S.K.: 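After the structure tokens below, expect a handful of questions from me.
Each chain gets a letter, A, B and so on, in the order its sequence line appears, and its residues count up from 1. Since the model is a prediction, treat every value here as computed from it, not as a measurement.
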Amino acid sequence: MSELWPQVSTPLPGPKSEALFARMDKVAAAPMQDHDEVPFVEARKEGCLIEDVDGNVFADLVSAWGASPYGTPAPGVTDAVVDAQRRYGMEITDYVQNDVAIELAEKLVGIAPPGISRVMVSLSGTLAVEAGVKLARESTGRPMILVFHGQYHGEVTYLTASVSSDLAEVNSANSAYVGGLVFAPYPNQFRAPFHRGPGPYDDTLYMDFIEEWLLVHQVEPTQIAGVLIEPVLGEGGIHIPSAAFWERLTTACRRWGWRLILDEVQTGMGRCGTLFAGDHWDLRPDILLLGKGIAAGGQPIAAVMATDEVMADTDVHGGGTFAWTPAACAGASAGIDVLTNGETLANVARIERSARRILSPLVDEVPQVGDVRMLGAFIGLEFVTDKESIRPAPEFHRQVHQESVRRGVLGVTQLGKWVYRMQPPLTMPLDLFEWSCETVADVIRDVATDPPPEADSVLDRAIPEGGTRRR
Amino acid sequence: MPSKRDLTPNEAPRVSGPLPGPRSQAEIEAQRAVFYAGQTHGSYPFVAARKSGWLVEDLDGNVFVDLVSSSASVPFGAGREDLVEAATAQLLAFGNEDSHVVTNPLMTQLARRLLDLTPASLTRVDLALNGTEAVESAVRFMRRATGRPMILGFYGGYHGESTTTAGLGAEHHEIGQGVRGLGGGFAHAPYPRAYRTLFAPPHPGGSGDSTVDFIRDQMLFHAIDPAEVAGVVIEPVLGSGGVVVPPDGFWNALNELCEEHDWLLCLDEVKTGFGRTGRMFASELWDLQPDLMCLGKAMGGGVMPIGAVLGSEAVLGTFDDVSTGSTWAWLPAACSVALRSLEVFEAEGVLDNVRALHQVSEEVLVPLVDRYESIGDVRVQGCFVGIELVTDKDAQRRAADLQEALAAAILRRGVLVDSSTTTLNVQPSLVMDPASLRAALALVCEAVDEVLGD
């Protein structure tokens, strides 16, 4: 493992990847036929590296979209999963209770923010959001949910696709048929829809919008059951609200009796440098949604957590046959031990320091780097045509990603967006992480020497050759 | 009891004693005992005994000058005999008739006249009983014509209070109460406005308008696939929401957006139509060519309820399977009075008078902005005036309590204005004598000084 290092020695995709893609395209649904963003087929993972079928090696700054936070194999987690699988096989924990599930529930309550006292089993972040919204409606008797533009809460169910507003087409054919939702812009301090030019903006402006416009004209505050919010906006481009925003939002929640539903599916379990991102502001959610990182690189699992008031006497069922299988619970439980061992969060702090040292100065150096934002190991670089107009530069972003992959760094990208994301495993060795940052920084400098033309509107999404409109 | 004498058109209002007076008070108590609670809580503190022109006399003999015009649905004052006769003659000839089933030539005449007067893009007419019903039908037409579900509305917009129209509108959150949670299919953007706007001025390279930039770059990027949007329903000048005239550049930018995504443009001219803004229809202010137009309120001359949906050939000429309207839409009597009132516009130079009234409002009310810290903005468009009260000029925060206090002080002086969600709205009869308006507005100014003066 120690001799393995990122290296790309074939054009991408390599010949073996190309052949496999051709096979896949004959049988897969359209969204799986886009090989532009990840132009290789994976053969294996080792630590925080990915090897493709052609022998190319990439630094993994995706972490299975955050669901594999401790590298591969996940220390302690993989063994625990295998052991539990041998001992219990598949089990429906909703029906037949078992000791690993109970132990995990206790551990989660043990690390959760004060006030969060109960757990409901779930299978994925998407289903956790479904249950969270139902709980908010049940416990208040009110219909409406307030959500923010740019959030992502899943896309495979009607409700989660509708509360998501990551990209309009994620909601396609869904949002028109689901009522009970109202939207406000997410507290973005760099690109405020009510201002021109780059921030930093006072993001309490967004609460003014909610209180003086949305609540006046559109929806009565006492019709709102809860506020569904990501404590740090993930897919929407790593936006970190201010303490003043949270003060205003939580005050509104108290005043109007809104449940605060924190979607920590991406931000929780150490991703933002604390156990939960909301800990940065001492947030006290009524409902806390966990997914992705809770699996710790093991089996699919998610959790809906809540206060006694919300969950002690609920009729909402959030589980399902595959929710909290013993193997998934055993892996998640071992993952909490890794998360709380002291060293993991210390490494996240080191990752953040290195990223600030290497990436943040790009804002002053490169005209197209509009903003660099991060919290813990959740890092975003926002590309613009120039600093004055801050017009989005999705094509620049695309080229940065394409060239980075070819130099051995796989980050998080999506066609049509202009924020490049880096989310390494929380345990990534610092030398590999710093090399990855330096590589991406060099790529950005190179792309900036001959920046590509950008479309007039962010809605004019260029469709690359061979690519589909979707991810 | 009210005096037997006739009300003379230009007499001054007089209010003796606190409101409601004893007879009104007794009647109000009787009403509260029998009506739905929500019916009476927004009423004026008097009960009308009769109306004449723009004067109202209550049960206690108090006389008010009416600057509300029955929510802008009575364009020529109350009790005009020629208009009432146009209706009664047809009531005697037909009684009530369901014009969807038993048709009559008056309908055709009226439809032709409407198409003559409205933008050339509109070639067909559908019947409606009132403005709300017209908007209901328009929403269904838009979805049927495009096969798309979403409709874009605006904060501040008022389109009625039925389930669909309350969901489409967003003037005040109470109107959408209980409705938002039930049905999807509507999204809202702030109404384009220059005063108390959320947005910075439009920037080079954008659509040319900040509201359209917001719709495009925020709503369409994040939340709504433009291919799922059937179109936009908008009041060309915001009515109840505060007499807001969209800034220059908005309509071009909106038209381009509609064109780019094949959206239908539906203008709700229920309140702005028939002369209220100084043009026969507000769409003339920008030469708009909408796909649909909704009419109601003043269409019936202030005598009978009637509304209409006008549409382009592509929208109203290509399918016949959306069934619309209700039994009493386009009663022969309503068609007759609608036709007669269109004659009044021409014969009596009504639009010239509206422009004269505009002048009066502008001269008397606009200077208040400089005189009082709490008057943030006064907007005049024909016989449509919005006075926007704020806590102070810098913060531009709405001052709802102050607005209520001012409305009460105006009422005590015998003048009726409409205290709406964000503004005091003044909407006189289109044929009011300019001197009478000036006299009534002097009383408004007196009240302003009482409430807002040092």
S.K.: Leu214(A) versus chain B, heavy atoms under 4.5 Å apart: side chain, backbone, both or neither?
M.R.: both

S.K.: Can you find a pair of side-chain heavy atoms, one from Met219(B) and one from His149(A), that are under 4.5 Å apart?
M.R.: yes

S.K.: Report, as yes or no, whether the 6.0 Å neighbourhood of atom OH on Tyr36(B) holds more than 12 heavy atoms from other residues, nucleotides or ligands.
M.R.: no

S.K.: Taking all atoms of both residues into account, what is the closest heavy-atom pair of Gly150(A) and His222(B), and its distance?
M.R.: CA-ND1, 3.5 Å

S.K.: Ring centres under 6.0 Å, that's the criterion: do Phe221(B) and Trp418(A) meet it?
M.R.: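 Yes, they do, as the ring centres are separated by less than 6.0 Å.
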
S.K.: Let me know if Arg148(B) has heavy atoms under 4.5 Å from chain A in its side chain, its backbone, both or neither.
M.R.: neither

S.K.: Report which part of Phe214(B) has an atom under 4.5 Å of a heavy atom belonging to chain A: side chain, backbone, both, or neither.
M.R.: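 Contact with chain A is through the side chain of Phe214(B) alone.
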
S.K.: Do you know which of Val229(B), Thr421(B), Asp213(B) has the most heavy-atom pairs under 4.5 Å to chain A?
M.R.: Asp213(B)

S.K.: Is there a donor-acceptor pair closer than 3.5 Å between any side-chain N or O of His217(A) and the backbone N or O of His172(B)?
M.R.: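 Checked: no pair found.
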
S.K.: Is Arg143(B) close to chain A through its backbone or its side chain, or both, or neither, when contacts mean heavy atoms under 4.5 Å?
M.R.: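 When you check distances to chain A, no heavy atom of Arg143(B) falls under 4.5 Å.
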
S.K.: Pick one of side chain, backbone, both or neither for Thr422(B), based on which atoms fall under 4.5 Å of a heavy atom in chain A.
M.R.: side chain

S.K.: So do Trp213(A) and Arg196(B) actually touch side chain to side chain, heavy atoms under 4.5 Å?
M.R.: yes

S.K.: Assess whether atom CG of Asp208(A) is packed by more than 12 heavy atoms of other residues, nucleotides or ligands within 6.0 Å.
M.R.: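 Buried by this count: over 12 neighbours within 6.0 Å.
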
S.K.: Where on Pro392(A) is there a heavy atom nearer than 4.5 Å to chain B: the side chain, the backbone, both, or neither?
M.R.: neither

S.K.: From Phe183(A) CZ over to Gln218(B) CD, what is the distance, rounded to the nearest 0.5 angstrom?
M.R.: 11.5 Å

S.K.: Could you walk me through whether Arg398(B) and Glu212(A) pass salt bridge (Lys or Arg N to Asp or Glu O under 4.0 Å), step by step?
M.R.: CA-CA 8 Å; Arg398(B) 295 181 315 112; Glu212(A) 293 171 20; over 6 Å; no

S.K.: Find the distance between OG1 (Thr222(A)) and CD (Glu174(B)) and round it off to the nearest 0.5 Å.
M.R.: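 If we round to the nearest 0.5 Å, Thr222(A):OG1 and Glu174(B):CD are 9.0 Å apart.
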
S.K.: Between atom CD1 of Ile175(B) and atom CD of Gln218(A), what is the distance when rounded to the nearest 0.5 Å?
M.R.: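 CD of Gln218(A) is found 12.5 Å from CD1 of Ile175(B).
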
S.K.: Looking at every heavy atom in both Pro193(A) and Phe199(B), which two are closest together, and how far apart are they?
M.R.: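 That closest heavy-atom pairing would be O-CD2, 3.5 Å.
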
S.K.: For the CD atom on Glu211(A), are there more than 12 heavy atoms of other groups (residues, nucleotides or ligands in this structure) within a distance under 6.0 Å?
M.R.: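 More than 12 within 6.0 Å, yes.
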
